[in-house]
2 protein chains.
Amino acid sequence: MKSGDVYDPTCSARDALELIASKWAMLILPALREEPMRNSALLRKIGGISQKMLTQTLRELERNGLVIRSDKQTRPPHVEYTLSPLGASLGDALSVLDRWAERHFTALDEARERFDNERV
Amino acid sequence: MKSGDVYDPTCSARDALELIASKWAMLILPALREEPMRNSALLRKIGGISQKMLTQTLRELERNGLVIRSDKQTRPPHVEYTLSPLGASLGDALSVLDRWAERHFTALDEARERFDNERV
DNA sequence: CAGTATCCTCGGAGATACTG
DNA sequence: CAGTATCTCCGAGGATACTG
């Protein structure tokens with residue numbers, strides 16, 4: 001472990017990594033990569049997320065400069081979330097993982113079944 | 001959200017994704033990608049991980065067929081962890097993220113500072 | 001519509017000690 | 001060396017209700 005890399009727990013690269021290693025960020029960023037979306041659209045798109053976690057994660061992503069929140073200042077409210085260039089570059093890497101998961105989850109399922117049966 | 005993709009909370013692609021979205025798995029897999037390692041080596045390599053979380057995460061990765069545990073059956077014990085081909089393919093994708101974090105964490109730091117100062 | 005505000009619970013994860 | 005076994009606590013995150 002050379003200092004300054006992700007293996008160093010005192011380095012803020014690790015903070016960045018933990019931001020990424022969030023199950024919601026891992027879905028929100030790829031979703032926004034497809035197209036900018038509103039709160040309600042994200043709620044529908046991402047199954048199982050609560051309004052609370054959506055807002056919370058979006059705020060954190062906005063805070064870190066990955067997502068841009070644009071409030072159209074209308075009534076009723078219209079707020080749109082877009083990826084920043086930085087967020088887009090991360091979204092690309094994350095969508096690779098999403099596709100990996102879609103492609104290989106059956107292999108994982110089978111491996112788990114094998115593993116669990118061996119140690120009955 | 002078409003059913004069967006990661007946005008579907010009932011699909012096991014999501015289980016796969018949550019396995020990936022673990023801060024420890026995100027460090028262990030890329031570490032093992034560099035070279036097969038023993039328990040103690042991983043403990044040293046990955047700063048801040050506890051023995052408990054290391055074992056726990058390794059078991060889960062083994063269970064899902066991503067990591068191969070080979071016990072040399074000697075005294076004192078000698079156990080080595082290797083990536084399976086499947087694990088290696090995931091490790092590649094994850095190390096992309098690790099490098100992304102190393103490259104861009106300063107940008108994130110700056111964005112956070114800006115954000116926090118705006119809303120004093 | 002796009003959020004806050006509160007309450008409450010469950011389990012993730014650290015610390016510590018022990019074992020084959 | 002490579003793990004288990006306990007105990008413990010803190011906070012992530014769900015449910016629900018309210019607001020501009």
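To find a chain, count down the sequence lines: A is the first, B the second, and so on, and within it residues start at 1. Because only heavy atoms are used, hydrogens play no part in the values below, and waters and symmetry mates are left out as well, while side chains stay in.
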Exercise. Which residues, if any, of residues 33-43 of chain B bring a heavy atom under 4.0 Å of DNA chain D?
Worked result: B:Arg38, B:Asn39, B:Ser40

Problem set entry | B:Glu18 CD to C:dG12 C1', straight-line distance once rounded to whole Å | 14 Å

Problem set entry | B:Gln56 CD to D:dT6 P, straight-line distance once rounded to whole Å | 16 Å

Problem set entry | Residues which pass side chain to side chain donor-acceptor pair (under 3.5 Å) with A:Thr55, listed by chain and number, not counting sequence neighbours | A:Gln51

Problem set entry | Rounded interatomic separation in angstrom, taking CZ from A:Arg44 and P from C:dA2 | 9 Å

Residues 14-21 of chain B, side-chain donor-acceptor partners within the protein, below 3.5 Å, at least two apart:
{"unit_1": "B:Arg14", "atom_1": "NH1", "unit_2": "A:Gly47", "atom_2": "O", "d": "3.2"}
{"unit_1": "B:Arg14", "atom_1": "NH1", "unit_2": "B:Val6", "atom_2": "O", "d": "3.2"}
{"unit_1": "B:Arg14", "atom_1": "NH2", "unit_2": "A:Gly47", "atom_2": "O", "d": "3.1"}

For this session: Output all residues satisfying side chain to side chain contact (heavy atoms under 4.5 Å, CB included) with A:Glu113, sequence neighbours left out; order by chain, then residue number.
Result: A:Asn117

For this session: Fill in the dot-bracket string of DNA chain C, one character per base: . for unpaired, | for a pair to another strand, ( ) or [ ] for pairs within the strand, taking Watson-Crick or G-U pairs under 3.5 Å.
Result: ||||||||||||||||||||

Exercise. Hey, does B:Gln51 reach any base, or is it just sugar-phosphate, or nothing, if we go heavy atoms under 4.0 Å?
Worked result: base

For this session: Could you tell me whether the phosphate oxygens of C:dG3, OP1 or OP2, come under 4.0 Å of any side-chain nitrogen or oxygen in A:Tyr81?
Result: yes

List the atom pairs, with distances to 0.1 Å, where a side-chain N or O of residues 72-80 of chain A and a protein N or O form a donor-acceptor pair under 3.5 Å, not counting sequence neighbours.
{"unit_1": "A:Thr74", "atom_1": "OG1", "unit_2": "A:Pro76", "atom_2": "O", "d": "3.1"}
{"unit_1": "A:His78", "atom_1": "ND1", "unit_2": "A:Arg38", "atom_2": "NH1", "d": "3.2"}

Problem set entry | Proximal nucleotide (of D:dG3, C:dT4, D:dG14) relative to the A:Arg59 side chain | C:dT4

For this session: Measure from CZ on A:Arg69 to P on C:dC1 and round the result to the nearest Å.
Result: 16 Å

Exercise. Just how far, in rounded Å, is P of D:dG3 from CG of B:Leu58?
Worked result: 8 Å

Problem set entry | Length of the line joining A:Leu54:CG and C:dC1:P, which is rounded to integer Å | 14 Å

Problem set entry | Partners meeting salt bridge (charged side-chain N to carboxylate O under 4.0 Å, His left out) with B:Asp109 (sequence neighbours left out) | B:Arg112

For this session: Mind calculating the distance between NZ (A:Lys23) and C1' (D:dA12) to the nearest angstrom?
Result: 10 Å

For this session: Give every residue pair that meets the salt bridge (Lys or Arg N to Asp or Glu O under 4.0 Å) criterion with at least one member in residues 86-100 of chain B, sequence neighbours excluded.
Result: B:Arg33-B:Asp92

Problem set entry | B:Leu32 CG to B:Leu83 CG distance, which is reported to the nearest 0.5 Å | 5.0 Å

For this session: Sugar-phosphate atoms are those with a prime plus P, OP1 and OP2; base atoms are the rest. Using that split, label each nucleotide of nucleotides 15-20 of chain D B, S or - for protein heavy atoms under 4.0 Å, 5' to 3'.
Result: B----B

Exercise. Can you list the residues that meet the side chain to side chain contact (heavy atoms under 4.5 Å, CB included) rule with B:Ala93, with sequence neighbours excluded?
Worked result: A:Val96, A:Leu97

Exercise. Can you name the side chain to side chain contact (heavy atoms under 4.5 Å, CB included) partners of A:Gln56, sequence neighbours left out?
Worked result: A:Lys52, A:Met53

Seminar exercise, completed: Correct closest heavy-atom pair for B:Ser89 and A:Trp100 would be OG-NE1, 2.8 Å

Problem set entry | Spacing between B:Met53 atom CE and C:dA15 atom P, to the nearest angstrom | 13 Å

Exercise. Which residues satisfy the salt bridge (charged side-chain N to carboxylate O under 4.0 Å, His left out) test with A:Glu34, sequence neighbours excluded?
Worked result: A:Lys45

